[in-house]
Peer 1: 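Questions regarding the structure given below will be posed in turn.
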4 protein chains.
Amino acid sequence: MKTIDKHEKIIKAAVKVFAKKGFFSARISDIAKVAKVADGTIYLYFNNKFDILLSVFDIEIGRLINQVKELIEKETNPCRMLEIFALKHLSLLKENRSLAEIIQMELRQNNKLIKEYRVTKFSEYVDIISHVIRQGQALNLFRKDIQPGIAKRAFFGALDEMARLWILAPKPAYNIEETAMQISKIFLCGIIDKGSAQADEKRC
Amino acid sequence: MKTIDKHEKIIKAAVKVFAKKGFFSARISDIAKVAKVADGTIYLYFNNKFDILLSVFDIEIGRLINQVKELIEKETNPCRMLEIFALKHLSLLKENRSLAEIIQMELRQNNKLIKEYRVTKFSEYVDIISHVIRQGQALNLFRKDIQPGIAKRAFFGALDEMARLWILAPKPAYNIEETAMQISKIFLCGIIDKGSAQADEKRC
Amino acid sequence: MKTIDKHEKIIKAAVKVFAKKGFFSARISDIAKVAKVADGTIYLYFNNKFDILLSVFDIEIGRLINQVKELIEKETNPCRMLEIFALKHLSLLKENRSLAEIIQMELRQNNKLIKEYRVTKFSEYVDIISHVIRQGQALNLFRKDIQPGIAKRAFFGALDEMARLWILAPKPAYNIEETAMQISKIFLCGIIDKGSAQADEKRC
Amino acid sequence: MKTIDKHEKIIKAAVKVFAKKGFFSARISDIAKVAKVADGTIYLYFNNKFDILLSVFDIEIGRLINQVKELIEKETNPCRMLEIFALKHLSLLKENRSLAEIIQMELRQNNKLIKEYRVTKFSEYVDIISHVIRQGQALNLFRKDIQPGIAKRAFFGALDEMARLWILAPKPAYNIEETAMQISKIFLCGIIDKGSAQADEKRC
DNA sequence: AATGAATGAGCATTCATTCAT
DNA sequence: TATGAATGAATGCTCATTCAT
């Protein structure tokens, strides 16, 4: 119990501190202080500072993946699945602002390990989207000329950019449901007004 | 001339070094070496390390903004404008991989100054998109229920995520034109197959 | 019995670890691991790390002293006594390479306690030599102009330097008996060739 | 001039600090303080702490070697050469007590680099002795059954042990000239009283 | 303006020692 | 007695910044 306790406490503290200061500016003693643990204790559970960051991903992003996956698996309609992904991704990050900040910041560090790690672990999450898109195409719901590999990134990138906005501006101008719906709509239906004569005329 | 020369040389060197190592891991002496300048000389042109980073944005992103703006202003059709934005954004970052890496990495640093700066400077670039969207809506080309503030982020985020892919995987699976077109298409038309009976049936 | 057992086990382990890594580089946990004992247990038997080192000397060097003394006491001829000392010193250290390394390394630490300790304990061993020399002088076997205090150090130093050689070069170029005899001979007879006309001529 | 100055100052300071505290207990900041230099400055001249120690050997022992060699080369009689070696070795270490302490202490560290270094550099010094012995043997001055490799160690070890005594007991009981002569005599003539009937009788 | 040697604050990590169990 | 998790003081080294030249 104790071991799990300390490990967890340190992870939680690291999430907070990394979010607040960023990986490079965070000091081990900051994490230790927040975790109410001695500096040296951290090294009983982690090999080094970077190892803490990787563990944060393992644990916290793993948790994110599981929650989103679980919800999506209950659904059969690919359109709904994407809507749920958008809504859940945004709301979970909203609830866990620290994690959102870490994903924003640290996932982009130009670090070999992060790069490799990201390929391995984080892509599992984003690949949920491309699986859904392929299902939609198989059901003749989605256009076949859309490449799932590009579309998944477009969808995830759109959501990610919104998350970034929230980090920059703590008081969001848009609520989660609306944002998730707008992005899903843009993605699913596009922004062209098909009922409009002008659009047709201009061959948009 | 010489002063301008040095300032420019240092900026160029900083772009390379920041891109290769990231801001925190980059050393002033690295930049000085690449710029073929003494360490101390850098402090004749910049206040501190972070000031170099801000200047990189000022100069290099300013250049990016100008190039994209110029092309878009020649166009009147909002649909084409977005296509051009996508194509140009991706191809310019492709040509200037170092800048692309810096945007990816450093723009997400959880740093007060960067945050403030980003609001001020970088948003000017992204706002090109929302202006275009508003133009499209005014022309009855784009649906009025799309919020330009969300849509601009969705569009930029989609492009940005593709740029990120290229940084992580130097050998891209997708070419620029195709990627730009796919993203524009998704954004403009959505991914639902409107001609399909299934899509209609499932009220997707 | 058990307590003695543990104490002994720790000492034995410490000899190995100190020999392998040196006092400063040896970790308490290394010793604990080799002794198959918990780290904390060591502190039930020793006050601190340095105390272990002193105990190693007490026990292991004490053992060395006893063995050499015992053999020498059986002998009456001072010349033979020195030969035996040389042979036994070298062969015992050869058998116990770890102890040899510790004597080499740790006995020279510039540490007040070691210094004091050395005077107290180790000199008892070296004094065997001066006692023998005085016996030889009393029996008119050895020259009276030789100062026992210097001679004992010369003899011990010579042996010690050979031991050092073995530690540095695990595969010795010289065997023990030969080495012991050579050193005894040099010490007892010198290296000048008294039968040679040249030596006489040069008043060497 | 400045560079040489600082390098020299740091070496000198390191000799003092290493002598006083020993390598492991010496702190870089101690050396910096004694050298009247900032901590970081040390790293402009040395790669790391151990590199300082090696440099101390290079410079200071190199100096010792040169001085002893120079004197010996003026001499042709191998007996005198050994006497001079003994006298000079002891008196130079006497003058430079810090260096003497470092040789005593650090030369015996069980450290791979030191071991290798010692073979390379320090043996050059000790080999002076074996060269002299071979010369003596070639001139029929010294007995041919003495192995120079063992004899050199015996001679050096004897001197070294005396140096050690001085380090342990700052107030020496024996003066340098007397000590050097005694060791040379023991080495050259042995301690057996050849004029004595007893010695002959006991086949010593 | 330009240099680059010098500075010294700052921090990750180690490990002897303690103490609750 | 015995354990080993927890502690936290201690330190080698880095590197942004300064400043005498």
Side-chain angles (χ1 to χ4, degrees), chain A residues 1-3 5-7 10 24-33 35-52, chain B residues 2-3 5-7 10 23-33 35-52, chain C residues 2-3 5-7 23-33 35-52, chain D residues 1-3 5-7 10 23-33 35-52:
Chain A
M1 189 195 88
K2 270 178 199 168
T3 292
D5 232 16
K6 286 264 166 70
H7 187 91
I10 294 167
F24 284 103
S25 300
R27 278 175 287 137
I28 289 292
S29 60
D30 291 335
I31 298 174
K33 208 170 292 164
K36 283 174 190 167
V37 141
D39 289 25
T41 303
I42 289 179
Y43 289 87
L44 295 176
Y45 298 93
F46 303 91
N47 295 322
N48 51 45
K49 196 183 172 187
F50 186 69
D51 190 35
I52 304 175
Chain B
K2 270 178 192 169
T3 292
D5 230 16
K6 286 264 168 70
H7 188 92
I10 294 167
F23 178 73
F24 284 102
S25 298
R27 280 173 286 138
I28 290 291
S29 63
D30 290 335
I31 297 174
K33 206 172 292 163
K36 283 173 189 166
V37 141
D39 290 25
T41 304
I42 288 179
Y43 289 85
L44 297 175
Y45 297 92
F46 303 91
N47 296 323
N48 51 44
K49 194 183 174 187
F50 187 68
D51 190 35
I52 304 175
Chain C
K2 269 177 193 170
T3 292
D5 231 17
K6 285 263 167 73
H7 187 91
F23 177 73
F24 284 102
S25 299
R27 280 173 287 138
I28 290 290
S29 61
D30 290 335
I31 298 174
K33 205 172 293 163
K36 284 173 188 168
V37 141
D39 290 24
T41 304
I42 288 179
Y43 288 85
L44 296 175
Y45 297 92
F46 303 91
N47 295 322
N48 51 43
K49 194 183 173 186
F50 186 69
D51 189 35
I52 304 175
Chain D
M1 188 196 90
K2 269 177 198 168
T3 292
D5 233 15
K6 286 264 167 68
H7 188 92
I10 294 166
F23 178 73
F24 284 102
S25 300
R27 278 174 289 135
I28 290 292
S29 61
D30 291 334
I31 298 174
K33 208 171 291 165
K36 284 173 189 167
V37 141
D39 290 25
T41 304
I42 289 179
Y43 290 87
L44 295 176
Y45 298 93
F46 303 92
N47 296 321
N48 50 46
K49 195 184 174 186
F50 186 69
D51 190 34
I52 304 175

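Here is the naming used below: chain letters follow the sequence lines, and residue numbers restart at 1 for every chain. All figures in this text were calculated on a predicted structure; none of them were measured in a lab.
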Peer 1: Considering Watson-Crick and G-U wobble pairs with both distances under 3.5 Å, what does E:dC15 pair with?
Peer 2: F:dG8
Peer 1: Which residue, B:Ser29 or A:Ala38, contacts DNA chain F at a nucleotide closer to its 5' end, judged by nearest heavy atom?
Peer 2: A:Ala38
Peer 1: For F:dA2 and C:Lys6 - does any side-chain N or O of the residue sit under 4.0 Å from the phosphate oxygens OP1/OP2?
Peer 2: yes
Peer 1: Here's a test of your reading of the structure: between D:Leu44 and C:Asn47, which maps to the more 5' nucleotide of DNA chain E?
Peer 2: D:Leu44
Peer 1: Is the D:His7 ring parallel, tilted or perpendicular to the D:Tyr45 ring (thresholds 30°, 60°)?
Peer 2: perpendicular
Peer 1: Of all the choices, E:dT7, E:dT13, F:dG12, which nucleotide is nearest to the side chain of A:Tyr43 once you look at every atom?
Peer 2: E:dT13
Peer 1: What's the closest nucleotide to the side chain of A:Val37 if the choices are E:dT17, F:dC13, F:dT7?
Peer 2: F:dT7
Peer 1: Using purine N1 to pyrimidine N3 plus N6-O4 or O6-N4 for Watson-Crick, or N1-O2 and O6-N3 for G-U wobble, both under 3.5 Å, which nucleotide pairs with F:dA2?
Peer 2: E:dT21
Peer 1: Do you know the tightest heavy-atom contact between D:Ile52 and D:Ile42?
Peer 2: CD1-CG2, 3.6 Å
Peer 1: Starting at NZ of A:Lys33 and ending at P of F:dA6, how long is that distance when rounded to a whole Å?
Peer 2: 20 Å
Peer 1: Take the protein atom CZ of B:Arg27 and the nucleotide atom C1' of F:dC13, then report the distance between them rounded to whole Å.
Peer 2: 13 Å
Peer 1: Taking atom P of F:dC13 as reference, at what distance in whole Å does atom CD1 of D:Ile31 sit?
Peer 2: 10 Å
Peer 1: For C:Phe50 and C:Phe23, take the angle between the two ring planes, folded into 0 to 90°, and tell me which bin it lands in: parallel under 30, tilted 30 to 60, perpendicular over 60.
Peer 2: perpendicular
Peer 1: Separation of C:His7 atom NE2 from F:dT1 atom P, in whole Å?
Peer 2: 13 Å
Peer 1: Taking only the side-chain heavy atoms of B:Thr41 (C-beta and beyond), determine which of E:dT3, F:dT17, F:dA2 contains the nearest atom.
Peer 2: E:dT3
Peer 1: What is the distance from CZ of A:Phe46 to P of E:dT13, rounded to the nearest Å?
Peer 2: 13 Å
Peer 1: Return the CG to CD1 distance between A:Leu44 and A:Ile10, rounded to the nearest 0.5 Å.
Peer 2: 8.0 Å
Peer 1: Please state whether the phosphate of F:dA6, meaning OP1 or OP2, lies under 4.0 angstrom from any side-chain nitrogen or oxygen of A:Tyr45.
Peer 2: yes
Peer 1: C:Ile42 CD1 to E:dC15 P: how many Å, rounded?
Peer 2: 14 Å
Peer 1: Whole angstrom is fine here: how far is it from CZ in A:Phe50 over to C1' in E:dT13?
Peer 2: 17 Å
Peer 1: With the side chain of A:Asp39 defined as its heavy atoms from C-beta on, choose the nearest nucleotide among E:dG4, F:dA16, F:dG8.
Peer 2: F:dG8
Peer 1: Between B:Lys36 and D:Gly40, just flag the one whose closest nucleotide in DNA chain E comes earlier from the 5' side.
Peer 2: B:Lys36
Peer 1: Mind checking if D:Ile28 touches a base, just sugar-phosphate, or nothing, with heavy atoms under 4.0 Å?
Peer 2: sugar-phosphate
Peer 1: Separation of C:Lys49 atom NZ from F:dA10 atom C1', in whole Å?
Peer 2: 14 Å
Peer 1: Measure the NZ-NZ distance between A:Lys36 and A:Lys6 for me, rounded to the nearest 0.5 Å.
Peer 2: 13.0 Å
